[in-house]
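What follows is a single structure, written as structure tokens, with notes after it.
Letters A, B, ... mirror the listed sequences (proteins, then strands); counts begin at 1.
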Amino acid sequence: MQKRVTFNNKWLPYLLLAPQIVVTIVFFFWPAGQAIYQSAFIPDPFGLSTQFVGLGNFEFLLSDPYYLSSFGTTAIFSFFVTLISMSFALWLAVMTDRVIKGSGPYRTLLVWPYAVAPAIAGVLWLFMFNPSIGILPWYLAQVGYDWNHTLNGGEAMTLVILAAAWKQISYNFLFFLAGLQSIPRSVIEAAAIDGASFWKRFRTIVFPLLAPTTFFLLVVNVVYAFFETFGVIHTITAGGPQQSTTILVYKVYADGFVGQDLGSSAAQSVILLIIVGLLTVVQFRYIERRVHY
Amino acid sequence: MTRLTLAALAATTLLTATPASAQVQIDFWHAFTGRLAELLDAQVAQFNESQSDYQVVAAPKGNYSEALNAGIAAFRAGEQPHILQVFEVGTASMMAAEGAVKPVFEVMEEAGADFDPDAYLAAVTGYYSNTEGEMLSYPYNSSTPVMYINRDAFEEAGLDPDMELETWAQVEEAVTALKEGGSSCPFTTAWQSWVQLESFSAYHNLPFSSQENGFAGFDTELQFNGPEQIAHIAMLGEWTEDGRFIYAGRRNEAGQPFRAGECAIMTESSAGYAGVKDEAEFAFDIRPLPYNGEIEDAPYNTIIGGASLWVLEGHEPEKYEGVAAFLNFLSTPEIQAQWHQDTGYLPITTAAYTLSQEQGFYEENPGTDIAIIQMTGKEPTPNSKGVRLGSFDQVRTVIDEELEAVWAGDKTAEEALNTAVERGNQLLRRFEQANR
């Protein structure tokens with residue numbers, strides 16, 4: 001039985017909702033509307049003149065093979081960032097959950113990287129993997145592997161995925177740990193008494209009970225990989241080599257802010273908006289069905 | 001913001017009861033950091049102390065792209081600074097923005113400032129002038145590509161460091177010998193598009209794009225896929241295959257391994273001099289950029305890079321008088337010579353060059369005049385006075401991407417340059433459309 005709250009005053013609920021609605025309108029609907037409007041024009045950077053082109057910007061984009069391949073790049077990047085950061089965080093959370101003595105410092109240390117700004121995280125990894133002065137390429141050279149992510153697209157992709165995933169592990173870890181701790185001990189202990197192994201308990205009890213957390217993190221991580229990894233990519237590869245690490249949101253930046261091509265940039269934002277909308281619908285319709293709260 | 005600061009200034013003036021009226025504040029947004037920012041601040045402080053009418057306030061706004069964006073965003077919001085530093089590839093975008101920029105020659109004329117366009121080095125100002133030869137922006141920091149060699153690395157590989165390296169054929173012999181002598185990085189280059197394509201084309205009087213490299217109109221088409229450029233890139237591509245050319249990155253990343261002593265030869269901006277001098281623990285030389293000896297009449301001049309100062313529209317006349325006074329101050333031989341000697345940027349006036357000669361700077365620092373000699377050797381031709389393209393930053397990115405494909409062995413030089421031209425032309429057409 002759900003609790004129902006009734007308001008005596010007709011306007012009070014609207015008043016209470018108003019701040020959220022204002023924030024949504026000002027920071028979401030208004031800019032989104034602007035992007036849709038601007039995508040029909042080619043303006044000059046200073047806003048002195050503008051040309052109406054209708055769907056011209058979209059035509060230009062969709063006939064650009066580099067833009068089309070950026071979809072694939074984004075898919076690969078998001079998939080691996082989400083997979084690596086979530087699986088690693090889950091593993092760490094499960095391990096930390098078992099630590100009895102001194103779990104505090106472990107947790108603090110594991111959460112630490114979340115406080116690192118994306119650009120700093122990027123520079124950190126860049127230093128470690130710098131082909132001429134980095135420590136890891138030096139070790140790789142010892143075993144006969146020539147690391148050069150400035151020319152090798154696969155290596156560049158690996159590097160940005162690692163850096164972006166590393167940055168997100170802490171966040172996922174925190175939620176997984178909280179999720180784990182809210183699982184009733186009695187259920188796990190009962191299973192243990194029945195002779196279920198650790199792995200079996202994890203698979204049949206813990207993981208299903210973590211499903212709401214996992215689902216929430218899935219949505220958050222995909223959004224993270226799509227939008228917030230900009231700093232990492234910008235500092236490590238700047239989208240190169242040959243656009244092999246140019247994800248969609250980086251291209252919005254590159255065209256809009258470096259190229260001053262605001263029309264194309266706006267059109268890309270509109271396309272991104274549609275993609276994210278679709279992704280969210282898919283996640284809630286098809287994946288959430290399998291989640292039990 | 002400006003109004004607030006002015007009000008604050010006025011308030012403090014009242015409080016301290018200084019008899020002088022409030023100074024006119026001139027905002028100057030730039031893209032310098034580190035040592036260069038310190039030197040710029042020193043210049044500004046010197047100007048502010050030298051007179052009492054104007055107060056220049058310098059504010060760093062990130063890197064070149066970010067500073068330009070900040071300027072554009074500020075203009076759209078009606079909060080633009082008076083002076084904005086814009087890198088050379090942003091030149092066409094600024095020129096196209098009629099109504100947003102106030103040409104420097106106009107600022108100088110209106111202020112009645114003592115301004116003689118002939119006092120400036122034509123090879124430098126040409127890049128920032130219109131087809132009538134009128135100066136549109138003030139060439140604050142200009143450099144040109146030169147070649148640095150690590151003398152110790154030559155000796156280690158058993159080569160004479162004084163060997164002739166005037167032509168690319170001679171450099172090819174050298175890098176091959178260096179490789180055989182055990183060098184892990186015989187050759188590297190910074191700013192590949194600027195050095196190996198833009199300057200290469202100008203140096204050999206080959207068009208980079210039609211319409212005088214874009215100087216004569218926005219309807220320009222890229223033409224750097226000529227046989228000479230293809231042969232040059234193909235040669236560098238061959239070098240990457242067997243480790244004679246080590247690619248380090250799109251911007252000035254090559255400076256790092258060179259300064260660390262790993263690389264024997266590097267082509268870089270003349271402004272890289274300060275860093276090399278500071279960090280190199282080996283004997284080094286500066287040489288002119290090599291040319292292809294098989295191309296007739298080569299070399300011409302190389303082209304400049306760096307940035308210039310643009311004056312933005314929409315301020316009161318008294319502000320422009322201040323701007324004119326500041327730019328005039330920057331042009332004085334003493335200030336110019338000091339800047340040139342501290343940074344490795346080119347002196348922009350003949351007087352500053354002469355002054356540096358008189359001070360014996362070039363004798364004490366051999367090689368520092370090579371950039372100027374290289375720039376002023378011959379009268380610039382329509383192919384060598386510069387490159388002015390819309391969306392040039394993006395065009396350069398396209399070129400970088402395609403060149404990387406050559407270095408990685410994914411494409412031949414011909415395929416890569418043809419694709420770069422094709423992709424670049426699309427960007428130019430969009431720019432043309434936006435600025436119709």
Side-chain angles (χ1 to χ4, degrees), chain A residues 41-53 56-57 59-61 63-67 126-127 130-134 141 146 148-156 234-246 250-251 253-265 267, chain B residues 65-66 68-69 71-73 75-77 80 90 93-94 96-101 185 188 240 243 246-251 253-254 256-258 260 262-263 312-313 390-398 400-405 407-411 423 426-427 429-431 433-436:
Chain A
F41 294 89
I42 297 184
D44 82 318
F46 286 88
L48 298 164
S49 69
T50 183
Q51 299 266 327
F52 179 76
V53 290
N57 283 323
E59 245 170 67
F60 172 75
L61 274 176
S63 63
D64 176 4
Y66 280 86
Y67 184 65
L126 186 60
F127 268 123
N130 184 308
S132 57
I133 59 164
D146 180 25
N148 191 348
H149 67 259
T150 51
L151 278 183
N152 185 317
E155 288 172 3
H234 190 51
T235 45
I236 297 182
T237 62
Q242 289 181 65
Q243 299 210 5
S244 58
T245 54
T246 300
Y250 194 78
K251 200 164 161 56
Y253 161 81
D255 289 353
F257 286 88
V258 180
Q260 310 290 354
D261 188 346
L262 299 176
S264 164
S265 196
Chain B
S65 300
E66 289 159 359
L68 176 57
N69 272 312
I72 289 173
F75 182 84
R76 296 182 82 124
Q80 69 271 35
S93 306
M94 296 303 288
E98 272 175 54
V101 301
C185 173
T188 190
T240 52
I246 302 294
Y247 175 67
R250 296 176 177 183
R251 303 167 80 87
E253 291 88 346
Q256 212 173 47
F258 181 80
E262 270 174 54
C263 295
L312 298 183
E313 274 285 8
S391 306
F392 200 4
D393 210 358
Q394 275 180 308
V395 173
R396 266 204 185 158
T397 306
V398 165
D400 281 334
E401 285 167 5
E402 297 298 334
L403 287 180
E404 280 167 357
W407 312 151
D410 294 342
K411 285 185 184 172
R423 288 176 59 198
Q426 286 180 3
L427 292 167
R429 293 297 73 78
R430 270 187 79 79
F431 180 82
Q433 198 174 359
N435 290 285
R436 214 172 259 163

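- Heavy-atom distances place the side chain of Y66(A), and not its backbone, under 4.5 Å from chain B.
- Interatomic distance, OG1 of T150(A) versus CD of E253(B), reported as 8.0 Å (0.5 Å rounding).
- When every heavy atom of Y247(B) is checked against every heavy atom of N148(A), the shortest pair comes out as O-ND2, 3.9 Å.
- Looking at F75(B), the atoms closer than 4.5 Å to chain A (heavy atoms on both sides) all sit in the side chain, from C-beta outward.
- Interface remark: D255(A) contributes backbone and side-chain atoms alike to the contact with chain B (heavy atom separation under 4.5 Å).
- Here CZ of F46(A) is found 9.5 Å from CD of Q80(B). Values are rounded to the nearest 0.5 Å.
- When each of R250(B), E262(B), Q426(B) is checked for heavy-atom pairs under 4.5 Å with chain A, R250(B) comes out on top.
- With rounding to the nearest 0.5 angstrom, the CD atom of Q51(A) is 9.0 Å from the CG atom of N435(B).
- Across all non-hydrogen atoms, the minimal contact from S49(A) to A434(B) is OG-O, 3.5 Å.
- Heavy atoms closer than 4.5 Å to chain A are found nowhere in A260(B), neither backbone nor side chain.
- Note: D410(B) CG to Q242(A) CD = 5.0 Å, rounded to the nearest 0.5 Å.
- Atom CZ of R76(B) has more than 12 heavy atoms from other residues, nucleotides or ligands within 6.0 Å.
- When heavy atoms are compared at a cutoff of 4.5 Å, E98(B) approaches chain A solely by way of its backbone atoms N, CA, C and O.
- Both the backbone and the side chain of E404(B) come within contact range of chain A, each with at least one heavy atom under 4.5 Å from a heavy atom of that chain.
- Considering OG of S264(A) and CD of Q394(B), their distance stands at 7.5 Å, rounded to 0.5 Å.
- Between chain A and the residues S391(B), A405(B), A408(B), P257(B), the largest count of heavy-atom pairs under 4.5 Å involves A405(B).
- Heavy-atom neighbours of F257(A) CZ from other residues, nucleotides or ligands within 6.0 Å: at or below the threshold of 12.
- Only the side chain of D261(A) comes within contact range of chain B, with at least one heavy atom under 4.5 Å from a heavy atom of that chain.
- With a 4.5 Å cut-off on non-hydrogen atoms, P131(A) does not touch chain B at all.
- The contact between L151(A) and chain B is made by backbone and side chain atoms together, counting heavy-atom distances below 4.5 Å.
- We find the CZ-CD distance between F60(A) and Q433(B) to be 9.5 Å, quoted to the nearest 0.5 Å.
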